[in-house]
Asker: 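Sending over a structure as structure tokens; questions will come in a sec.
Numbering starts at 1 and runs along the sequence shown. All ligand and atom numbering here is 1-based and tracks the order in the structure.
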Amino acid sequence: MTATQRIPFFPYSQLFTSQEAELLEVMADVCRRGAYILQQDCRDFESHLAEFMGVKHVLGVANGTDAIILGLRAVGIGPGDEVILPSHTYIATAAAVHMVGATPVLAECGPDHMLDAEDVKRRITPRTAAIMPVQLNGRTCDMDAIGGLAAEHHLLVCEDAAQGLGSRFEGRSAGTFGAFGTISFYPAKLLGCFGDGGAVVTNDDEVARRLVLLRDHGRNPDGRVIAWGYNSRLDNLQAAVLDFKLKSFPQDIGRRRAVASMYESGLCDLPELVLPPAPDVDPRHFDVYQNYELEADDRDGLKSHLASRGVHAIVQWAGTPVHRFAELGFQGAFPMTDAMFERCLMLPMNVALSDNEVRYVIESVRGFYGR
Ligand SMILES: *Cc1c(COP(=O)(O)O)cnc(C)c1O
């Protein structure tokens with residue numbers, strides 16, 4: 001047995017210290033120019049990200065939650081509308097729907113933990129306006145199934161791709177399938193900044209035009225107020241950091257996929273576990289592993305065993321899917337999601353993990369099951 005190590009779930013300070021000199025230079029450059037709000041660095045980042053994703057418009061906003069709110073407003077979803085989304089998501093997805101005056105309708109997840117299109121179908125009513133798939137854990141939903149359902153029922157597709165940047169389905173980037181998609185740059189996300197940040201992406205020129213107004217007090221490019229709007233802008237300082245980090249993002253994705261492959265080969269023989277799909281097992285999916293969310297027999301026992309070995313594994317959303325927030329008025333049974341939440345656990349997954357640390361995590365999991 002190796003000596004006990006300390007492996008945090010996410011190493012927040014390493015986000016900075018791993019490239020400290022270069023990042024300080026990027027930030028100093030922005031501040032010396034006094035370029036703080038909606039400046040060239042933000043425009044550069046937006047166009048580089050648009051190129052990376054293969055989408056026409058990227059609009060930086062204050063955070064990933066605002067991105068959903070602004071996107072929904074830009075496509076005209078509001079009071080009287082229902083939006084179907086998975087219960088296995090961050091409260092932000094449902095909250096954004098509520099905050100524009102629409103009703104969040106929850107649906108079950110399937111075996112890969114993603115929104116289940118069959119269950120979505122059962123929840124469509126005459127008031128349904130949109131389906132909001134959540135591109136969770138760095139994987140894109142089966143967008144053929146969801147897109148087909150949406151087309152058949154004349155519904156919009158609005159993607160919460162906060163956890164999906166860089167993932168693809170049939171070659172197409174998460175966030176680019178529907179009316180709009182949203183990204184979060186929260187520090188622990190795939191592409192993280194040093195605070196809050198987000199983006200809305202769209203191929204629709206009119207939606208993009210409305211987003212430009214919505215994020216900056218209804219001001220058009222000439223500075224004239226022509227509509228009601230919010231203050232929800234991506235800080236230029238964060239945009240400059242993100243533009244710098246985007247350059248090495250493909251390597252970061254490669255590293256996450258390599259860590260996922262190590263977990264797969266180190267754990268796939270354990271019958272007590274159900275692992276997430278391995279990289280490339282299904283050629284339609286290109287997964288980027290925002291999280292490595294597995295299912296485990298005696299999940300709580302495994303989690304405490306890992307903690308005693310210094311490995312911080314966590315249950316997503318602190319263990320509570322959205323339908324269990326009773327104070328928010330949700331009702332109904334979600335047996336698939338409930339059963340999944342008895343068993344799900346996320347192992348450390350980030351670009352700072354060394355091969356040795358990954359091997360230590362694998363050894364610790366195997367040890368719990370006596371292997
Ligand atoms: C992080 C996250 C959000 C919200 O992003 P913020 O930038 O924190 O507002 C929304 N949905 C999902 C699925 C997320 O993981």
Asker: If hydrophobic clusters are built by linking Ile, Leu, Val, Met, Phe, Trp and Tyr wherever their side-chain heavy atoms come under 4.5 Å apart, do Phe185 and Tyr90 end up in the same one?
Answerer: no

Asker: Would you say Arg168's side chain and Ser173's backbone share a donor-acceptor pair under 3.5 angstrom?
Answerer: no

Asker: Hey, quick one: are Val351 and Met262 part of the same hydrophobic cluster, counting side-chain heavy atoms closer than 4.5 Å, chains of contacts allowed?
Answerer: no

Asker: Report every pair formed by an N or O atom of ligand 1 and a protein N or O atom separated by less than 3.5 Å, giving atom names and the distance to 0.1 Å.
Answerer:
residue	atom	partner	partner atom	Å
ligand 1	5 (O)	Ser184	OG	3.3
ligand 1	7 (O)	Gly64	N	2.7
ligand 1	7 (O)	Ser184	OG	2.7
ligand 1	9 (O)	Gly64	N	3.3
ligand 1	9 (O)	Thr65	N	2.8
ligand 1	9 (O)	Thr65	OG1	2.5
ligand 1	11 (N)	Asp160	OD1	3.4
ligand 1	11 (N)	Asp160	OD2	2.7
ligand 1	15 (O)	Gln163	NE2	3.0
ligand 1	15 (O)	Lys189	NZ	3.0

Asker: Return the set of residues passing side-chain hydrogen bond (donor to acceptor under 3.5 Å, both in side chains) with Asp297 (not counting sequence neighbours), or none when no residue passes.
Answerer: Arg343

Asker: Begin from the C-alpha positions of Phe177 and Ile146 and carry the test side-chain contact (heavy atoms from CB on, under 4.5 Å) through to its verdict.
Answerer: CA-CA 10 Å; Phe177 289 84; Ile146 289 168; over 6 Å; no

Asker: Heavy-atom distance under 4.5 Å between the side chains of Val358 and Leu347, does that happen here?
Answerer: no

